[in-house]
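Counting starts at 1 for both ligands and their atoms, following the listed order.
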Amino acid sequence: MHITLIAGTRPNFVKIAPIIHEILRRKRLGVDVEYSLIHTGQHYDTRLTDLFFEELNIPEPTVNLGIGSGSQALQTGSMMTGIEAYLLQHPTDLVLVVGDVNSTLAATLSAKKLNIPVAHVEAGIRSHDSSMPEEINRKIVDSICDFYFTTSETATKNLQLEGKKSDSIFFVGNVMIDTLLQNLPHIKDNKTLSRLNLSSKNYFILTIHRPSNVDNKDKLVTVLQNISEQLKDYTIVFPIHPRTESILKETNFKASNIQVIQPLGYLDFISLVNSSKGIITDSGGITEEASIMNIPCITLRSNTERPETCEFGTNVLVGNDVNLLNKSIQKILENNWKQAQPIDKWDGKAAERIVEVLRKMF
Ligand code: UD1
């Protein structure tokens, strides 16, 4: 059996790591399974790619298409052309895609048009907000792929409501949490806190990169100013995404308690989250990680495709509502935040389940 994995952005790498490790483990046990990894090159900065390969022990990609940035259509189209050319020259039994980024969409379209079966890891999650490119990607990928690996019963139900056959859907759990649980024991000696002059529970983390939150300069500055004022007695560590950085550079924004730093590697980031007082973010993956680490998490979005992070985890949605944001910040400061509950199958064994399903199927 030959599986071709396709990935291109930072969160993709966190998700493919445990799947590749599981494939390699089975191969060592004598199972007849091979894999190739196509890196689309959607993310290309060392801190968004190489660092993750190194820290998560992901072997070098078989090929890097080096597509880079561009408009939605240009980026997706260029990736499709590159992926198609590769797949034509390198036959495979299955293409496996993860998440909801443009690389995921391009890979699925190219493979399906070559009649190659596609499996989608993290299938079925829906924000019902089509203004997000990710939601469009999720819907299209799930409308044409063949096998669905879901992180929750809600995602499974979404797929069933969309008419997918039950025997093509597998509720396996969350590969991002596999990576987290594998790596948490490795952060004991991490030096990020001392390097940044921070002490445990005395700082917040801020990450913000969604076009809807950062592309409008005034809106971005207003949110940052408000957070800075609400947390005037705390440091706010702000690992900045390149998209946000280039927009913020066009403003005069400065706040003495907001410490802007370059994007962090995986271990440094989870180590920082683990000792923080709280997180303010617009990322989806971070809400999952915060929920498992039981760290209060405020999401600057009015919807989520990951409802279990709100129902069982530590996540609260505040959207654009400044009052709600401020009330939520106060709740964290008063140590009055909800406690995380276990989430079904977010137990570190998702990749094992995925590869087992594929082994039986092929
Ligand atoms: C992408 C995903 C988003 C995910 C995020 C994780 C899509 C539609 N969006 O958003 O779901 O949460 O990755 O980070 O696929 N840039 C660099 N260096 C890089 C990559 C990007 O400087 O290595 C800059 C470029 O100016 C680029 C911009 O960031 O134009 C946006 O990059 P892009 O890959 O289009 O989307 P992200 O915002 O990273």
Side-chain angles (χ1 to χ4, degrees), residues 6-17 38-54 56 61 64-80 82-83 97-110 120-123 125-127 129-141 176 179 205-217 220 238-250 260-266 269 279 281-290 299-301 303-306 309:
I6 302 180
T9 66
R10 177 169 61 175
N12 283 173
F13 309 137
V14 179
K15 291 168 198 171
I16 58 164
I38 305 182
H39 185 328
T40 62
Q42 178 173 347
H43 282 177
Y44 43 87
D45 283 351
T46 308
R47 285 171 177 275
L48 301 187
T49 73
D50 307 47
L51 201 52
F52 282 73
F53 275 75
E54 210 179 288
L56 300 178
N64 187 328
L65 302 177
I67 301 302
S69 305
S71 69
Q72 294 288 316
L74 185 73
Q75 190 179 56
T76 309
S78 311
M79 290 194 282
M80 280 183 71
I83 294 166
V97 297
V98 295
D100 53 17
V101 300
N102 287 347
S103 300
T104 316
L105 173 67
T108 306
L109 286 169
S110 299
H120 183 202
V121 174
E122 210 184 68
I125 62 174
R126 297 285 181 269
S127 66
D129 174 3
S130 295
S131 69
M132 285 174 69
E134 294 83 354
E135 180 70 359
I136 299 171
N137 295 345
R138 290 177 200 123
K139 281 183 172 166
I140 298 178
V141 168
M176 203 164 209
T179 300
I205 301 174
L206 171 67
T207 80
I208 180 166
H209 75 289
R210 301 245 169 241
S212 58
N213 278 330
V214 304
D215 283 358
N216 180 321
K217 277 183 250 175
L220 174 63
F238 183 14
I240 197 160
H241 186 282
R243 174 193 285 279
T244 315
E245 187 177 31
S246 63
I247 292 159
L248 208 56
K249 265 190 190 146
E250 295 169 20
V260 179
I261 59 170
Q262 284 306 299
L264 291 168
Y266 184 76
F269 187 72
I279 302 169
T281 188
D282 64 0
S283 152
I286 293 173
T287 67
E288 297 181 341
E289 293 165 341
T299 293
L300 301 168
R301 287 175 54 194
N303 51 58
T304 177
E305 56 290 331
R306 296 162 161 92
T309 62

Report yes or no: does S110 contribute a side-chain atom to a donor-acceptor pair with the main-chain N or O of M80 at less than 3.5 Å? yes
For S127, does its backbone N or O pair with a side-chain atom of E135 as donor and acceptor, under 3.5 Å? yes
I286: side chain to side chain contact (heavy atoms under 4.5 Å, CB included) partners, not counting sequence neighbours: T207, F269, I279, T281, S283, E289
Enumerate the protein residues lying less than 4.0 Å from ligand 1, judged by heavy-atom distances, in chain and residue-number order. R10, P11, Q42, H43, Y44, D45, L48, S69, Q75, V101, N102, P133, E134, H209, R210, H241, P242, R243
According to side chain to side chain contact (heavy atoms under 4.5 Å, CB included), who are the partners of V260, at least two apart in sequence or on a separate chain? F238, I240, I258
Ring pair (Phe, Tyr, Trp, His ring centres under 6.0 Å) partners of F13, counting only residues at least two apart: H39, F53
Search all heavy atoms of R10 against all heavy atoms of H43 and return the closest pair with its distance. N-ND1, 3.1 Å
